[in-house]
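Positions are given from 1, in the same order as the sequence printed here. In listed order, ligands and their atoms are each counted from 1.
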Amino acid sequence: MIAAQSRTNTDPSLDSIRDAVVAGDRLTLEQGDALYRTSDIWTVIELADLVRRRLHGRAGYYNVNRHLNYSNVCALSCSFCEFRRSKDEGGAYTRDLDYVRQQAIEAVELGATEMHIVGGLHPYLPWSYYPEMVSAIREVAPTLHIKAFTAVEVVHLAKIAKVYKSADRQAGIRWVLSELKQAGLGSLPGGGAEVFDDRVHDAAYKGKIRSDVWLDVHLVAHELGLNTNATILYGHVDQRRERLVHMEILRRAQDQALARMGYAGEAQGFTEPGLAATTGLSAPVITLTRPGSMLPTPEMAQQTAGYFQTITPLPFFPDGSPLEALPGPTGLENLRTLAIARLMLDNFPHVKAFWIMQTLAMAQLMLQSGADDIDGTVVWYDITKVGGAGTHQETTAWQLTQAIREAGFEPIERDTLYRPVTRDGSQWSLAETATPA
Ligand code: V47
(Lines give C-alpha, C1' and ligand atoms only; values in the text may rest on other atoms or scores of the structure.)
Protein backbone atom coordinates (compact mmCIF):
# COMPACT_ATOMS: atom_id res chain seq x y z
CA MET A 1 0.00 0.00 0.00
CA ILE A 2 1.34 3.45 -0.89
CA ALA A 3 1.32 5.74 2.17
CA ALA A 4 -0.87 8.82 1.60
CA GLN A 5 1.93 11.24 2.55
CA SER A 6 4.27 9.91 -0.15
CA ARG A 7 1.68 10.39 -2.92
CA THR A 8 1.31 13.71 -4.66
CA ASN A 9 -2.21 13.30 -6.04
CA THR A 10 -4.19 12.86 -2.81
CA ASP A 11 -7.66 14.41 -2.75
CA PRO A 12 -8.02 16.88 0.17
CA SER A 13 -11.81 16.59 -0.05
CA LEU A 14 -11.41 13.10 1.44
CA ASP A 15 -9.76 14.45 4.63
CA SER A 16 -12.99 14.61 6.64
CA ILE A 17 -13.85 11.08 5.51
CA ARG A 18 -10.41 9.93 6.66
CA ASP A 19 -11.12 11.50 10.09
CA ALA A 20 -14.49 9.73 10.28
CA VAL A 21 -12.97 6.38 9.31
CA VAL A 22 -10.14 6.73 11.82
CA ALA A 23 -12.69 7.52 14.55
CA GLY A 24 -14.95 4.65 13.39
CA ASP A 25 -17.91 6.97 12.67
CA ARG A 26 -20.64 5.92 10.27
CA LEU A 27 -20.24 7.37 6.78
CA THR A 28 -23.15 9.16 5.13
CA LEU A 29 -24.42 8.51 1.63
CA GLU A 30 -22.89 11.84 0.58
CA GLN A 31 -19.52 10.63 1.84
CA GLY A 32 -20.12 7.42 -0.13
CA ASP A 33 -20.75 9.57 -3.22
CA ALA A 34 -17.44 11.36 -2.64
CA LEU A 35 -15.63 7.99 -2.41
CA TYR A 36 -17.11 7.02 -5.76
CA ARG A 37 -16.37 10.43 -7.36
CA THR A 38 -12.76 10.90 -6.39
CA SER A 39 -9.92 10.06 -8.75
CA ASP A 40 -7.83 9.35 -5.64
CA ILE A 41 -8.75 5.67 -5.55
CA TRP A 42 -5.66 4.81 -3.49
CA THR A 43 -6.99 6.76 -0.54
CA VAL A 44 -10.32 4.90 -0.81
CA ILE A 45 -8.43 1.60 -0.81
CA GLU A 46 -6.10 2.69 1.98
CA LEU A 47 -9.05 3.62 4.21
CA ALA A 48 -10.81 0.32 3.51
CA ASP A 49 -7.57 -1.51 4.32
CA LEU A 50 -7.32 0.40 7.61
CA VAL A 51 -10.80 -0.78 8.62
CA ARG A 52 -10.13 -4.32 7.45
CA ARG A 53 -6.91 -4.50 9.48
CA ARG A 54 -8.63 -3.02 12.52
CA LEU A 55 -11.23 -5.80 12.36
CA HIS A 56 -9.11 -8.76 11.24
CA GLY A 57 -5.43 -7.87 11.55
CA ARG A 58 -3.45 -9.99 9.12
CA ALA A 59 -6.04 -12.77 8.84
CA GLY A 60 -7.10 -13.73 5.32
CA TYR A 61 -9.93 -16.26 5.44
CA TYR A 62 -10.80 -19.10 3.07
CA ASN A 63 -12.76 -22.31 3.36
CA VAL A 64 -12.81 -25.81 1.92
CA ASN A 65 -16.24 -26.08 0.39
CA ARG A 66 -18.27 -27.37 -2.52
CA HIS A 67 -20.97 -25.52 -4.40
CA LEU A 68 -23.97 -27.44 -5.69
CA ASN A 69 -26.51 -26.08 -8.17
CA TYR A 70 -29.37 -28.59 -7.91
CA SER A 71 -31.22 -27.26 -10.98
CA ASN A 72 -30.79 -24.52 -13.54
CA VAL A 73 -34.48 -24.62 -14.48
CA CYS A 74 -35.97 -21.31 -13.46
CA ALA A 75 -39.38 -19.71 -13.80
CA LEU A 76 -37.74 -16.26 -13.80
CA SER A 77 -35.82 -14.73 -16.69
CA CYS A 78 -33.54 -12.09 -15.18
CA SER A 79 -31.65 -10.31 -17.90
CA PHE A 80 -28.27 -10.52 -16.14
CA CYS A 81 -28.48 -14.33 -15.88
CA GLU A 82 -26.68 -16.82 -18.11
CA PHE A 83 -27.45 -19.76 -15.80
CA ARG A 84 -31.24 -20.22 -16.15
CA ARG A 85 -32.86 -22.61 -18.59
CA SER A 86 -36.47 -23.42 -19.42
CA LYS A 87 -37.54 -26.93 -18.48
CA ASP A 88 -37.23 -28.44 -21.98
CA GLU A 89 -34.34 -26.31 -23.20
CA GLY A 90 -31.03 -27.97 -24.11
CA GLY A 91 -28.67 -28.01 -21.14
CA ALA A 92 -31.47 -27.93 -18.54
CA TYR A 93 -30.76 -30.20 -15.56
CA THR A 94 -32.32 -31.13 -12.23
CA ARG A 95 -30.35 -33.30 -9.84
CA ASP A 96 -31.96 -36.22 -8.05
CA LEU A 97 -31.27 -37.00 -4.40
CA ASP A 98 -28.80 -39.78 -5.25
CA TYR A 99 -26.70 -37.24 -7.14
CA VAL A 100 -26.89 -34.82 -4.21
CA ARG A 101 -25.88 -37.57 -1.74
CA GLN A 102 -22.94 -38.52 -3.95
CA GLN A 103 -21.78 -34.89 -4.07
CA ALA A 104 -21.95 -34.66 -0.29
CA ILE A 105 -19.99 -37.90 0.18
CA GLU A 106 -17.31 -36.71 -2.26
CA ALA A 107 -17.17 -33.32 -0.55
CA VAL A 108 -16.52 -34.99 2.82
CA GLU A 109 -13.89 -37.27 1.31
CA LEU A 110 -12.10 -34.18 0.05
CA GLY A 111 -12.32 -32.55 3.49
CA ALA A 112 -15.01 -29.93 2.80
CA THR A 113 -16.59 -28.23 5.78
CA GLU A 114 -19.43 -26.61 3.82
CA MET A 115 -21.84 -27.25 0.98
CA HIS A 116 -23.22 -24.09 -0.65
CA ILE A 117 -26.46 -24.97 -2.46
CA VAL A 118 -28.56 -22.76 -4.72
CA GLY A 119 -30.67 -23.27 -7.82
CA GLY A 120 -33.32 -21.79 -10.07
CA LEU A 121 -36.99 -21.42 -9.15
CA HIS A 122 -38.05 -24.79 -10.49
CA PRO A 123 -41.69 -24.65 -11.59
CA TYR A 124 -42.49 -28.35 -10.96
CA LEU A 125 -40.32 -29.74 -8.16
CA PRO A 126 -42.50 -30.33 -5.08
CA TRP A 127 -41.81 -28.67 -1.72
CA SER A 128 -40.82 -32.08 -0.25
CA TYR A 129 -37.73 -32.19 -2.54
CA TYR A 130 -36.03 -29.40 -0.57
CA PRO A 131 -36.19 -30.64 3.05
CA GLU A 132 -35.47 -34.15 1.70
CA MET A 133 -32.36 -32.83 -0.04
CA VAL A 134 -31.15 -31.21 3.19
CA SER A 135 -31.92 -34.37 5.25
CA ALA A 136 -30.21 -36.57 2.66
CA ILE A 137 -27.00 -34.53 2.99
CA ARG A 138 -27.28 -34.46 6.76
CA GLU A 139 -27.59 -38.28 6.77
CA VAL A 140 -24.54 -39.06 4.65
CA ALA A 141 -22.43 -36.07 5.73
CA PRO A 142 -23.34 -34.98 9.26
CA THR A 143 -20.24 -32.77 9.61
CA LEU A 144 -20.96 -30.71 6.50
CA HIS A 145 -22.47 -27.25 7.16
CA ILE A 146 -25.39 -26.75 4.77
CA LYS A 147 -25.54 -23.15 3.54
CA ALA A 148 -28.46 -23.16 1.17
CA PHE A 149 -31.21 -21.31 -0.65
CA THR A 150 -31.24 -17.60 -1.42
CA ALA A 151 -34.12 -15.48 -0.12
CA VAL A 152 -35.63 -15.74 -3.63
CA GLU A 153 -35.76 -19.54 -3.38
CA VAL A 154 -37.11 -19.42 0.19
CA VAL A 155 -40.10 -17.36 -0.97
CA HIS A 156 -40.62 -19.73 -3.91
CA LEU A 157 -40.63 -22.66 -1.47
CA ALA A 158 -43.20 -20.92 0.73
CA LYS A 159 -45.36 -20.52 -2.37
CA ILE A 160 -45.11 -24.14 -3.52
CA ALA A 161 -45.67 -25.33 0.07
CA LYS A 162 -48.79 -23.13 -0.05
CA VAL A 163 -47.93 -21.28 3.16
CA TYR A 164 -47.13 -17.89 1.60
CA LYS A 165 -49.74 -15.23 2.23
CA SER A 166 -48.89 -11.68 1.23
CA ALA A 167 -50.94 -10.35 4.18
CA ASP A 168 -48.47 -12.06 6.56
CA ARG A 169 -45.55 -13.17 4.44
CA GLN A 170 -43.22 -13.56 7.42
CA ALA A 171 -45.37 -16.41 8.75
CA GLY A 172 -44.91 -18.51 5.59
CA ILE A 173 -41.19 -17.70 5.44
CA ARG A 174 -40.86 -18.70 9.11
CA TRP A 175 -42.58 -22.03 8.46
CA VAL A 176 -40.28 -22.86 5.53
CA LEU A 177 -37.08 -21.85 7.32
CA SER A 178 -38.08 -23.73 10.49
CA GLU A 179 -38.73 -26.92 8.49
CA LEU A 180 -35.42 -26.56 6.64
CA LYS A 181 -33.55 -25.80 9.85
CA GLN A 182 -35.02 -28.91 11.44
CA ALA A 183 -33.87 -30.91 8.40
CA GLY A 184 -30.30 -29.60 8.89
CA LEU A 185 -30.00 -26.19 7.21
CA GLY A 186 -27.16 -24.24 8.87
CA SER A 187 -27.28 -20.77 7.27
CA LEU A 188 -28.42 -18.79 4.23
CA PRO A 189 -26.19 -17.50 1.44
CA GLY A 190 -26.52 -13.89 0.33
CA GLY A 191 -27.62 -14.27 -3.29
CA GLY A 192 -30.64 -12.79 -5.00
CA ALA A 193 -30.31 -9.33 -3.44
CA GLU A 194 -29.07 -7.75 -6.71
CA VAL A 195 -29.59 -3.97 -6.15
CA PHE A 196 -32.34 -2.87 -3.76
CA ASP A 197 -34.00 -0.42 -6.11
CA ASP A 198 -37.36 -0.63 -7.88
CA ARG A 199 -36.11 1.03 -11.07
CA VAL A 200 -33.22 -1.41 -11.42
CA HIS A 201 -35.49 -4.30 -10.39
CA ASP A 202 -38.01 -3.52 -13.12
CA ALA A 203 -35.31 -3.04 -15.75
CA ALA A 204 -33.25 -6.17 -15.06
CA TYR A 205 -35.06 -8.72 -12.83
CA LYS A 206 -38.74 -7.98 -12.98
CA GLY A 207 -40.69 -10.85 -11.43
CA LYS A 208 -38.10 -11.45 -8.74
CA ILE A 209 -38.91 -10.56 -5.10
CA ARG A 210 -38.29 -6.94 -4.20
CA SER A 211 -35.98 -5.70 -1.48
CA ASP A 212 -38.61 -5.66 1.31
CA VAL A 213 -39.30 -9.37 0.80
CA TRP A 214 -35.58 -10.24 0.56
CA LEU A 215 -35.06 -8.41 3.84
CA ASP A 216 -38.00 -10.21 5.46
CA VAL A 217 -36.44 -13.59 4.68
CA HIS A 218 -33.15 -12.56 6.28
CA LEU A 219 -34.91 -10.99 9.25
CA VAL A 220 -36.87 -14.20 9.92
CA ALA A 221 -33.70 -16.28 9.45
CA HIS A 222 -31.94 -14.08 12.02
CA GLU A 223 -34.86 -14.41 14.44
CA LEU A 224 -34.54 -18.19 14.09
CA GLY A 225 -30.85 -17.94 14.98
CA LEU A 226 -29.58 -18.61 11.44
CA ASN A 227 -26.70 -16.48 10.25
CA THR A 228 -26.95 -15.18 6.70
CA ASN A 229 -24.83 -13.38 4.11
CA ALA A 230 -25.62 -10.54 1.73
CA THR A 231 -24.58 -9.64 -1.80
CA ILE A 232 -24.82 -6.75 -4.22
CA LEU A 233 -24.78 -7.51 -7.95
CA TYR A 234 -23.58 -4.29 -9.56
CA GLY A 235 -22.26 -2.92 -12.83
CA HIS A 236 -25.22 -3.58 -15.16
CA VAL A 237 -28.09 -1.04 -15.34
CA ASP A 238 -27.53 0.28 -11.82
CA GLN A 239 -26.04 3.63 -10.84
CA ARG A 240 -23.49 4.19 -8.14
CA ARG A 241 -25.92 6.05 -5.89
CA GLU A 242 -28.29 3.06 -6.05
CA ARG A 243 -25.49 0.81 -4.84
CA LEU A 244 -24.90 3.14 -1.90
CA VAL A 245 -28.59 3.07 -0.98
CA HIS A 246 -28.44 -0.75 -1.17
CA MET A 247 -25.54 -0.67 1.30
CA GLU A 248 -27.44 1.76 3.55
CA ILE A 249 -30.48 -0.57 3.58
CA LEU A 250 -28.26 -3.54 4.46
CA ARG A 251 -26.53 -1.73 7.29
CA ARG A 252 -29.87 -0.64 8.76
CA ALA A 253 -31.03 -4.28 8.59
CA GLN A 254 -27.79 -5.30 10.33
CA ASP A 255 -28.34 -2.60 12.99
CA GLN A 256 -31.63 -4.35 13.72
CA ALA A 257 -30.03 -7.79 13.81
CA LEU A 258 -27.26 -6.64 16.16
CA ALA A 259 -29.78 -4.83 18.39
CA ARG A 260 -31.68 -8.14 18.64
CA MET A 261 -28.43 -9.74 19.77
CA GLY A 262 -28.06 -7.23 22.59
CA TYR A 263 -25.68 -4.70 21.02
CA ALA A 264 -26.34 -1.18 22.24
CA GLY A 265 -26.36 1.53 19.59
CA GLU A 266 -26.39 5.28 19.24
CA ALA A 267 -29.41 7.20 18.02
CA GLN A 268 -27.82 8.84 14.96
CA GLY A 269 -30.44 10.31 12.73
CA PHE A 270 -29.16 10.34 9.18
CA THR A 271 -30.49 8.10 6.51
CA GLU A 272 -31.60 8.43 2.90
CA PRO A 273 -34.71 10.64 3.00
CA GLY A 274 -37.76 8.39 2.95
CA LEU A 275 -35.72 5.22 3.39
CA ALA A 276 -36.91 4.29 6.88
CA ALA A 277 -40.48 4.98 5.80
CA THR A 278 -40.25 2.73 2.74
CA THR A 279 -38.28 -0.09 4.34
CA GLY A 280 -39.56 0.14 7.91
CA LEU A 281 -35.94 -0.15 9.00
CA SER A 282 -35.32 1.96 12.02
CA ALA A 283 -32.88 0.99 14.73
CA PRO A 284 -30.09 2.65 16.65
CA VAL A 285 -26.84 2.89 14.71
CA ILE A 286 -24.46 0.09 15.68
CA THR A 287 -20.94 0.17 14.26
CA LEU A 288 -18.39 -2.62 14.64
CA THR A 289 -15.52 -0.72 13.09
CA ARG A 290 -14.72 1.61 15.98
CA PRO A 291 -11.43 0.76 17.67
CA GLY A 292 -12.16 -1.86 20.35
CA SER A 293 -15.60 -2.94 19.07
CA MET A 294 -16.39 -6.61 19.59
CA LEU A 295 -17.45 -8.71 16.62
CA PRO A 296 -20.43 -11.02 17.16
CA THR A 297 -19.54 -14.70 17.51
CA PRO A 298 -21.43 -17.82 16.39
CA GLU A 299 -21.90 -18.66 20.06
CA MET A 300 -23.68 -15.33 20.62
CA ALA A 301 -25.87 -16.06 17.60
CA GLN A 302 -26.83 -19.47 18.97
CA GLN A 303 -27.85 -17.91 22.28
CA THR A 304 -29.72 -14.91 20.88
CA ALA A 305 -30.35 -14.37 17.18
CA GLY A 306 -28.53 -14.43 13.86
CA TYR A 307 -26.86 -11.65 11.90
CA PHE A 308 -25.29 -10.88 8.54
CA GLN A 309 -21.75 -12.27 8.51
CA THR A 310 -20.51 -11.20 5.11
CA ILE A 311 -21.13 -8.88 2.20
CA THR A 312 -19.98 -10.22 -1.17
CA PRO A 313 -19.95 -7.59 -3.93
CA LEU A 314 -20.63 -9.45 -7.20
CA PRO A 315 -19.49 -7.62 -10.36
CA PHE A 316 -21.88 -8.19 -13.26
CA PHE A 317 -20.42 -10.70 -15.68
CA PRO A 318 -22.15 -10.11 -19.05
CA ASP A 319 -21.09 -13.11 -21.19
CA GLY A 320 -24.00 -15.25 -22.35
CA SER A 321 -26.65 -13.18 -20.53
CA PRO A 322 -29.38 -11.16 -22.26
CA LEU A 323 -27.44 -8.05 -21.14
CA GLU A 324 -24.22 -9.21 -22.77
CA ALA A 325 -23.95 -6.06 -24.88
CA LEU A 326 -23.05 -4.20 -21.67
CA PRO A 327 -19.35 -4.04 -20.84
CA GLY A 328 -19.55 -5.01 -17.14
CA PRO A 329 -17.54 -3.16 -14.49
CA THR A 330 -13.81 -2.52 -14.86
CA GLY A 331 -11.12 -3.81 -12.51
CA LEU A 332 -10.79 -0.41 -10.85
CA GLU A 333 -14.55 -0.11 -10.43
CA ASN A 334 -14.51 -3.53 -8.74
CA LEU A 335 -11.77 -2.49 -6.31
CA ARG A 336 -13.50 0.79 -5.60
CA THR A 337 -16.91 -0.83 -4.98
CA LEU A 338 -15.38 -3.44 -2.72
CA ALA A 339 -13.49 -0.79 -0.72
CA ILE A 340 -16.61 1.36 -0.44
CA ALA A 341 -18.62 -1.67 0.74
CA ARG A 342 -16.01 -2.17 3.50
CA LEU A 343 -16.27 1.49 4.48
CA MET A 344 -20.06 1.88 4.32
CA LEU A 345 -20.97 -1.48 5.87
CA ASP A 346 -19.42 -0.63 9.21
CA ASN A 347 -21.46 -3.29 11.01
CA PHE A 348 -20.67 -6.23 8.71
CA PRO A 349 -17.89 -8.34 10.15
CA HIS A 350 -16.63 -9.68 6.81
CA VAL A 351 -16.21 -8.62 3.18
CA LYS A 352 -15.73 -11.40 0.66
CA ALA A 353 -13.91 -11.34 -2.69
CA PHE A 354 -15.52 -14.33 -4.40
CA TRP A 355 -12.54 -15.43 -6.50
CA ILE A 356 -14.69 -17.35 -9.03
CA MET A 357 -16.21 -14.09 -10.22
CA GLN A 358 -13.03 -12.05 -9.85
CA THR A 359 -10.21 -14.51 -10.63
CA LEU A 360 -7.74 -15.45 -7.91
CA ALA A 361 -5.31 -12.79 -9.18
CA MET A 362 -7.92 -10.05 -8.68
CA ALA A 363 -8.94 -11.54 -5.31
CA GLN A 364 -5.36 -10.89 -4.11
CA LEU A 365 -5.77 -7.19 -4.90
CA MET A 366 -9.14 -7.26 -3.21
CA LEU A 367 -7.55 -8.60 -0.02
CA GLN A 368 -5.51 -5.39 -0.06
CA SER A 369 -8.61 -3.27 -0.71
CA GLY A 370 -10.91 -4.20 2.17
CA ALA A 371 -11.74 -7.89 1.69
CA ASP A 372 -10.75 -10.36 4.40
CA ASP A 373 -12.14 -13.54 2.79
CA ILE A 374 -11.89 -15.20 -0.64
CA ASP A 375 -14.50 -18.00 -0.27
CA GLY A 376 -13.33 -21.53 -0.97
CA THR A 377 -12.28 -24.41 -3.15
CA VAL A 378 -15.75 -24.37 -4.84
CA VAL A 379 -15.11 -27.33 -7.22
CA TRP A 380 -18.23 -26.88 -9.38
CA TYR A 381 -19.95 -23.62 -10.26
CA ASP A 382 -22.51 -22.97 -12.96
CA ILE A 383 -23.82 -19.45 -12.36
CA THR A 384 -20.95 -17.54 -13.97
CA LYS A 385 -18.00 -18.81 -16.02
CA VAL A 386 -15.48 -16.00 -16.12
CA GLY A 387 -12.76 -16.09 -18.79
CA GLY A 388 -14.36 -19.00 -20.66
CA ALA A 389 -14.28 -21.35 -17.63
CA GLY A 390 -16.53 -24.43 -17.61
CA THR A 391 -18.60 -25.62 -14.67
CA HIS A 392 -15.56 -27.32 -13.11
CA GLN A 393 -14.05 -24.33 -11.35
CA GLU A 394 -11.84 -25.71 -8.64
CA THR A 395 -8.86 -24.46 -6.78
CA THR A 396 -6.94 -26.23 -4.07
CA ALA A 397 -6.62 -25.07 -0.48
CA TRP A 398 -2.88 -24.82 -1.19
CA GLN A 399 -3.46 -22.35 -4.05
CA LEU A 400 -5.77 -20.28 -1.85
CA THR A 401 -3.25 -20.14 0.98
CA GLN A 402 -0.45 -19.21 -1.43
CA ALA A 403 -2.56 -16.42 -2.92
CA ILE A 404 -3.44 -15.05 0.52
CA ARG A 405 0.15 -15.24 1.75
CA GLU A 406 1.49 -13.54 -1.37
CA ALA A 407 -1.03 -10.73 -0.81
CA GLY A 408 0.60 -10.16 2.60
CA PHE A 409 -1.89 -11.89 4.87
CA GLU A 410 -1.96 -14.95 7.12
CA PRO A 411 -4.24 -17.64 5.62
CA ILE A 412 -6.81 -18.87 8.12
CA GLU A 413 -9.08 -21.72 7.16
CA ARG A 414 -12.53 -21.03 8.57
CA ASP A 415 -15.82 -22.89 8.72
CA THR A 416 -19.03 -21.28 7.45
CA LEU A 417 -19.48 -19.41 10.74
CA TYR A 418 -15.91 -18.04 10.60
CA ARG A 419 -14.53 -20.33 13.30
CA PRO A 420 -10.88 -21.27 12.65
CA VAL A 421 -10.37 -24.85 11.46
CA THR A 422 -7.37 -27.11 12.07
CA ARG A 423 -6.75 -29.73 9.46
CA ASP A 424 -4.79 -32.88 8.76
CA GLY A 425 -5.52 -33.81 5.14
CA SER A 426 -9.24 -34.36 4.80
CA GLN A 427 -9.70 -34.58 8.59
CA TRP A 428 -10.58 -31.33 10.29
CA SER A 429 -11.81 -29.92 13.57
CA LEU A 430 -12.58 -26.50 14.98
CA ALA A 431 -9.46 -24.86 16.37
CA GLU A 432 -9.53 -23.44 19.85
CA THR A 433 -6.88 -20.79 19.24
CA ALA A 434 -7.81 -17.15 18.68
CA THR A 435 -7.12 -15.67 15.24
CA PRO A 436 -3.84 -13.71 15.03
CA ALA A 437 -4.06 -9.93 15.27
O1 V47 B 1 -27.89 -14.68 -6.71
C2 V47 B 1 -26.13 -14.21 -11.34
C3 V47 B 1 -25.45 -13.44 -9.03
C4 V47 B 1 -25.56 -14.84 -7.26
C5 V47 B 1 -24.67 -13.17 -12.53
O6 V47 B 1 -23.32 -15.82 0.45
C7 V47 B 1 -24.40 -12.92 -11.19
O8 V47 B 1 -21.29 -16.49 0.78
C9 V47 B 1 -22.62 -11.62 -11.74
O10 V47 B 1 -24.87 -15.19 -4.22
N11 V47 B 1 -22.83 -11.79 -13.06
C12 V47 B 1 -25.10 -16.21 -6.76
N13 V47 B 1 -23.39 -12.15 -10.79
C14 V47 B 1 -23.75 -16.11 -6.05
C15 V47 B 1 -23.87 -15.72 -4.63
C16 V47 B 1 -22.77 -16.01 -3.70
C17 V47 B 1 -21.52 -16.39 -4.17
C18 V47 B 1 -20.51 -16.65 -3.26
C19 V47 B 1 -20.72 -16.57 -1.92
C20 V47 B 1 -21.97 -16.20 -1.45
C21 V47 B 1 -22.22 -16.16 0.02
C22 V47 B 1 -23.00 -15.90 -2.33
O23 V47 B 1 -24.80 -14.50 -8.40
C24 V47 B 1 -26.96 -14.75 -7.74
C25 V47 B 1 -26.91 -13.45 -8.52
O26 V47 B 1 -27.05 -12.37 -7.66
N27 V47 B 1 -25.35 -13.57 -10.49
N28 V47 B 1 -25.73 -13.99 -12.61
C29 V47 B 1 -23.83 -12.55 -13.50
N30 V47 B 1 -24.05 -12.72 -14.79
Handout entry: Carboxylate-amine/guanidinium proximity below 4.0 Å for Asp255 and Arg251
Key = no
Handout entry: Atom CD of Gln427: over 12 foreign heavy atoms under 6.0 Å
Key = no
Problem - ligand 1-proximal atoms of Lys352, by part, heavy-atom distance under 4.0 Å - result: side chain
Exercise for the section: Please write down residue, atom name and distance for the protein heavy atom closest to atom 4 (C) of ligand 1. Expected result: Leu314 CD1, 3.7 Å
Completion exercise
atom 14 (C) of ligand 1 has as its nearest protein heavy atom Tyr381 OH, 3.2 Å
Handout entry: Within-cut-off N or O pair, Thr150 and ligand 1, under 3.5 Å
Key = no
Practice task
Tell me which protein heavy atom sits closest to atom 6 (O) of ligand 1, plus the residue, atom name and distance to 0.1 Å.
Solution key: Gly190 N, 2.8 Å
Completion exercise
atom 16 (C) of ligand 1 sits nearest the protein heavy atom His116 CE1, 4.0 Å
Exercise for the section: Taking atom types as modelled, find out whether Asn63 and Tyr418 have a side-chain donor-acceptor pair closer than 3.5 angstrom. Expected result: no
Problem - atom 1 (O) of ligand 1 [closest protein heavy-atom partner, distance rounded to 0.1 Å] - result: Gly192 N, 2.9 Å
Exercise for the section: Just let me know how Ala230 lines up against ligand 1, side chain, backbone, both or neither, with a heavy-atom cut-off below 4.0 Å. Expected result: neither
Practice task
Run the numbers for me: atoms of ligand 1, each under 4.0 Å from some heavy atom of Lys147, listed by number.
Solution key: 8 (O), 21 (C)
Handout entry: Salt-bridge criterion met for Asp33 and Arg240 (N-O under 4.0 Å)
Key = no
Problem - Backbone or side-chain N or O of Met357 under 3.5 Å from ligand 1 N or O - result: no
Practice task
If you have a sec, work out which protein heavy atom is nearest atom 13 (N) of ligand 1 and how many Å separate them, to one decimal?
Solution key: Leu233 CD1, 3.3 Å
Exercise for the section: Specify the protein heavy atom at minimum distance from atom 5 (C) of ligand 1: its residue, its atom name, and the distance to 0.1 Å. Expected result: Thr384 CG2, 3.7 Å
Practice task
For ligand 1, note which part of Pro189 has a heavy atom under 4.0 Å away: side chain, backbone, both or neither.
Solution key: both
Practice task
Please test Arg414 against Tyr62 for side chain to side chain contact (heavy atoms under 4.5 Å, CB included), starting from the C-alpha separation and ending with a verdict.
Solution key: CA-CA 6 Å; Arg414 60 158 179 92; Tyr62 70 96; over 6 Å; no
Problem - Atom of Asn65, atom of His67 and distance for their closest heavy-atom approach - result: ND2-NE2, 3.6 Å
Problem - Mode of Phe80 contact toward ligand 1 - side chain, backbone, both, neither (heavy atoms, under 4.0 Å) - result: both
Handout entry: Side-chain ion pair, Lys147 and Asp415, N-O less than 4.0 Å
Key = no
Exercise for the section: Check whether any heavy atom of Pro315 sits under 4.0 Å from an atom of ligand 1. Expected result: yes
Handout entry: Any side-chain donor near an acceptor of the partner, Asn227 and Gln309, under 3.5 Å
Key = yes
Exercise for the section: Please work out which of the three classes, parallel, tilted or perpendicular, describes the rings of Phe308 and Trp214, given edges at 30° and 60°. Expected result: parallel
Handout entry: Nitrogen or oxygen of Glu194 less than 3.5 angstrom from that of ligand 1
Key = yes
Fill in the blank from the handout: Closest heavy-atom approach to atom 21 (C) of ligand 1 among Asn229, Ile383, Val118, Asn69 is made by Asn229
Handout entry: For atom 10 (O) of ligand 1, closest protein heavy-atom neighbour
Key = Gly191 CA, 3.0 Å
Practice task
Identify the two heavy atoms, one from Leu360 and one from Gln399, that lie closest to each other, and give their separation to 0.1 Å.
Solution key: CD2-O, 4.2 Å
Practice task
Could you verify whether a donor N or O on one side chain and an acceptor N or O on the other, from Tyr36 and Thr337, lie under 3.5 Å apart?
Solution key: yes
Problem - Aromatic plane relationship, His56 with His350 - under 30° parallel, 30 to 60° tilted, over 60° perpendicular - result: parallel
Practice task
Find all atoms of ligand 1 within a distance of less than 4.0 Å from any non-hydrogen atom belonging to Phe317, and give their numbers and elements.
Solution key: 9 (C), 11 (N), 29 (C), 30 (N)
